[in-house]
Number of protein chains: 2
Amino acid sequence: MTTRSVELLRVVHAHPGVTRADAARRLGIGTGAATELVSRLAQAHLLAEAPAAPSGARGRPTTVLVPHPDGPLVVAAEITHEGWRLDVVELGGATLTSVSGTHTDTSWPSVVATVNAATDALYKTYPGRLRAMGVSVPGTVSRTLRLDATNLGWHDVDLTELWPSTVFVAGNDASLAAAAESARGAATGARLALHLRIEGGLGGAAVDQGRLLIGASGYSGEFGHMPFGDPGISCPCGARGCWGTAVDGTALARHLGHPAPHDPVSYARRVIASAVASRHGVLVAESLAAADGGSVGGAESGEWQAVCTVAAALGRGIAGLVNGLDADLVTLGGVGVDLLAAAEAEIQAAYRAGLMAIRRDDPPPILPAALGADGPIAGAGEEAWSSLIPHLA
Amino acid sequence: MTTRSVELLRVVHAHPGVTRADAARRLGIGTGAATELVSRLAQAHLLAEAPAAPSGARGRPTTVLVPHPDGPLVVAAEITHEGWRLDVVELGGATLTSVSGTHTDTSWPSVVATVNAATDALYKTYPGRLRAMGVSVPGTVSRTLRLDATNLGWHDVDLTELWPSTVFVAGNDASLAAAAESARGAATGARLALHLRIEGGLGGAAVDQGRLLIGASGYSGEFGHMPFGDPGISCPCGARGCWGTAVDGTALARHLGHPAPHDPVSYARRVIASAVASRHGVLVAESLAAADGGSVGGAESGEWQAVCTVAAALGRGIAGLVNGLDADLVTLGGVGVDLLAAAEAEIQAAYRAGLMAIRRDDPPPILPAALGADGPIAGAGEEAWSSLIPHLA
DNA sequence: CTTCTTTTACTCGATGCTAGAGCTTATTCT
DNA sequence: AGAATAAGCTCTAGCATCGAGTAAAAGAAG
């Protein structure tokens, strides 16, 4: 209803369990106004007050602001190649219920029917409380909420079929993971956070002071199609030299002379794990010196080589993005986490070499995503709450 | 003071000469509230009402909202390698006075002294009315308003010396030109506008729904240091393969086997003009067919070749940025305007080839900057007004 | 030329938000 | 137990906003 209510709800959502006095300070209002505001929002079943844990400090104890037990909820949905998942998320980001399933039939009408049935069941569990939905999908989402996911054969399908009501947001999985990392993950507090997610390709997004950069048509964050790669390699997107073709599972396969893997994600994980294992073998062998004359297997060191090449391509591209966008933090998701764990030194070396000299003194850190596989659905919940809050009272 | 006042001032600034009724509609308030608001702002010497030109439509004629004749003003400043300029800008963006000069001494203290003297003179002309300053500089500006401009030998100098008061903003020339194009130039109304400016190097910025993306440390828009170029070429920035090294005057010189030019901007303009002229010669010669057997001079066709190579590098990089950032409009400034005029077909061909297939149906247009050389100072004025408005009343 | 329609401006009271001051309450420290 | 501290509560004056009703100024229609 009023600006202050919206601001207060935002503060409580961003910092669930904030004390009332602290919230008032953040809003820059007096305690009188805070009393009024909180009691109004409590009456509207949006907030509840709970006694605070003893702080140990002096002074009259304050209460903490928590979501109302009968308050509004959002449904965060994630649709992947393999299946679907729905989380019921309350103000503050906590998940109350989670249901999931795998696709029996990946045709769009079938998926819609399955998800709608699951949503109906949740409606019955939380009567009248589900007020918005956010959905993460493995493809590009236009501003008009139409989805293209080529590998699933979905072309220009209407996402609003998933949720009849008005407050509905949808986004690409990598973009939403970026939003989640920024709101509750490793990128909390960053001014310009960059999230990169390697799965079938390379996606991601930039988050500027908490605001997800959505781009003009909703297709933002296709960093995988910036030409940081080898111009000789053509990408399924139609361009050449795309960065994505240099860092995903198909890149590893190409370096190893393998055919393009059917499932690049698990292929990449396997290769990376095997490369790390064989490298340990090499190190052990080297440390054992000439104890025995046997040479290390060629395939294994080839795998390590391929991983290093990919890691260098990743680091170099990150440097380019950091130069251009002036990020202060980079988080990696998907296979990027494995790569970072396996070959951090190689990524860092290429990253630092690609940075402008003025940034080298204090290079923005590259961190693994804190939310792991839950990033996209958490981001869906965040974005749903962000759009819902202004509609509440 | 109040939210509505700020909104109204913003509307009037963005659309000077808007009618009162129209402004009320944009703010979503009734005519009663508009009367109140406007009279309050008029009393505060922020707005004035003028009779509207006869619209020809029915109804009681409304008044137009214009800046108050005694209202606040901002100083827009531009400092270049060669000199300085100060514009006094009123609400709505009109320039009342412009003074400029060339550097006699490019040491920072000397420049500060010169600019301060000019500012003092303006203070006397507009007593009590100059309330903010925005300044455009040819270098990187940190969030703490410190400037690095290597070619001028300025390192970590304090920009706030230029303006003692609180409301002071500063920015890189290319970033501010981007802001200006978005506010009043060719990119008005774009959702995500990208501005690229080729001068000594390649700079620019993205503007998301009117908001200039400033980045984490203020160094955003260094797109020239994204590795779209030849990895064999090292950039003064310390990295290799920077895009900037493939599109500026030094790139042309390299392709032509010339030494690096002292002034890459005028060198580039000369080469491009000459290439265009010689190409016309070639075309004329070709159309004259075998009228005479003399061959066209090698140097000239070499120049056209070099221009084409650079144009292709520019187009390819733009495609990468559009893919990654999802821009819906690209504007070119500086030498980019000349390149676009000379070799639009070559830029467009490389651009389209580099776009993802899903964007090729409707590629975001590439346009020359509408504000020309006034872009940076206009952007300085825009940013100064943007920060000043919330402080007014 | 007169009257009607359309659009906008003005007036005035009701409402509700907000800041601020002063007071009360609950806790810890000494 | 009393002082110090931090926070909540209450009340009031002020002001912004909204809505409804009325007045004004122009073009259109007869």
Side-chain angles (χ1 to χ4, degrees), chain A residues 1-12 15-66 68 389-393, chain B residues 1-12 15-66 68 389-393:
Chain A
M1 198 188 275
T2 161
T3 314
R4 293 287 190 219
S5 321
V6 170
E7 286 174 25
L8 178 59
L9 287 176
R10 269 201 252 270
V11 165
V12 174
H15 310 276
V18 70
T19 68
R20 193 162 91 165
D22 195 18
R25 270 191 299 267
R26 282 172 201 263
L27 263 61
I29 62 176
T31 60
T35 302
E36 242 258 350
L37 251 186
V38 170
S39 68
R40 203 152 16 100
L41 292 179
Q43 236 171 5
H45 284 204
L46 295 175
L47 289 183
E49 291 184 87
S55 67
R58 283 188 191 186
R60 178 172 176 171
T62 178
T63 55
V64 296
L65 302 177
V66 294
H68 194 282
I389 285 178
H391 288 83
L392 295 172
Chain B
M1 196 188 275
T2 159
T3 314
R4 294 286 191 218
S5 320
V6 170
E7 284 173 26
L8 179 58
L9 287 176
R10 268 201 252 271
V11 166
V12 174
H15 310 276
V18 69
T19 68
R20 192 162 92 165
D22 195 18
R25 269 189 301 267
R26 282 172 202 263
L27 263 63
I29 62 176
T31 62
T35 301
E36 242 257 350
L37 252 185
V38 170
S39 68
R40 206 154 9 105
L41 292 178
Q43 236 171 5
H45 284 205
L46 295 174
L47 288 184
E49 291 184 87
S55 68
R58 279 190 198 188
R60 176 172 177 169
T62 177
T63 56
V64 297
L65 301 177
V66 295
H68 194 282
I389 285 178
H391 289 84
L392 295 172

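Quick note: numbers below take in every heavy atom, side chains included, and nothing from hydrogens, waters or symmetry partners. Convention: sequence-line order gives letters A, B, ...; per-chain numbering from 1. Here the structure is a predicted model, which is why all the values come from computation and not from measurement.
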Using atom CZ of B/Arg20 as one end and atom P of C/dT7 as the other, report the distance to the nearest whole Å.
17 Å
Comparing B/Arg4 and A/Ala21 on DNA chain D - which has the more 5′ nearest nucleotide
A/Ala21
With DNA chain C as reference, determine whether A/Gly28 or A/Pro61 sits nearer its 5' end, using the nearest nucleotide of each.
A/Gly28
A/Arg25 has an atom CZ; how far is it from atom C1' of D/dA7, in whole Å?
9 Å
Distance check needed: C/dT8 P versus B/Arg26 CZ, whole Å only.
13 Å
Would you list the protein and nucleotides 10-13 of chain D atom pairs, both N or O, that sit under 3.5 Å from each other?
none

To the nearest angstrom, the CD-P distance between B/Glu49 and C/dT8 comes to 14 Å
Is the shortest side-chain N/O distance from B/Arg58 to OP1 or OP2 of D/dA29 below 4.0 Å?
no
Output all residues satisfying salt bridge (charged side-chain N to carboxylate O under 4.0 Å, His left out) with A/Arg4, sequence neighbours left out; order by chain, then residue number.
A/Glu7
What integer distance in Å separates A/Leu27:CG from C/dC17:P?
15 Å
Consider the side chain of A/Arg40, meaning its heavy atoms from C-beta on, and name the nucleotide among C/dA26, C/dC17, D/dA7 that approaches it most closely.
C/dC17
Give the rounded distance in Å between these two atoms: CD of B/Glu36 and P of D/dA16.
6 Å
Between C/dT8 (P) and B/Ile29 (CD1): distance, integer Å
14 Å
With the side chain of B/Arg60 defined as its heavy atoms from C-beta on, choose the nearest nucleotide among D/dA24, C/dA19, D/dA7.
D/dA24
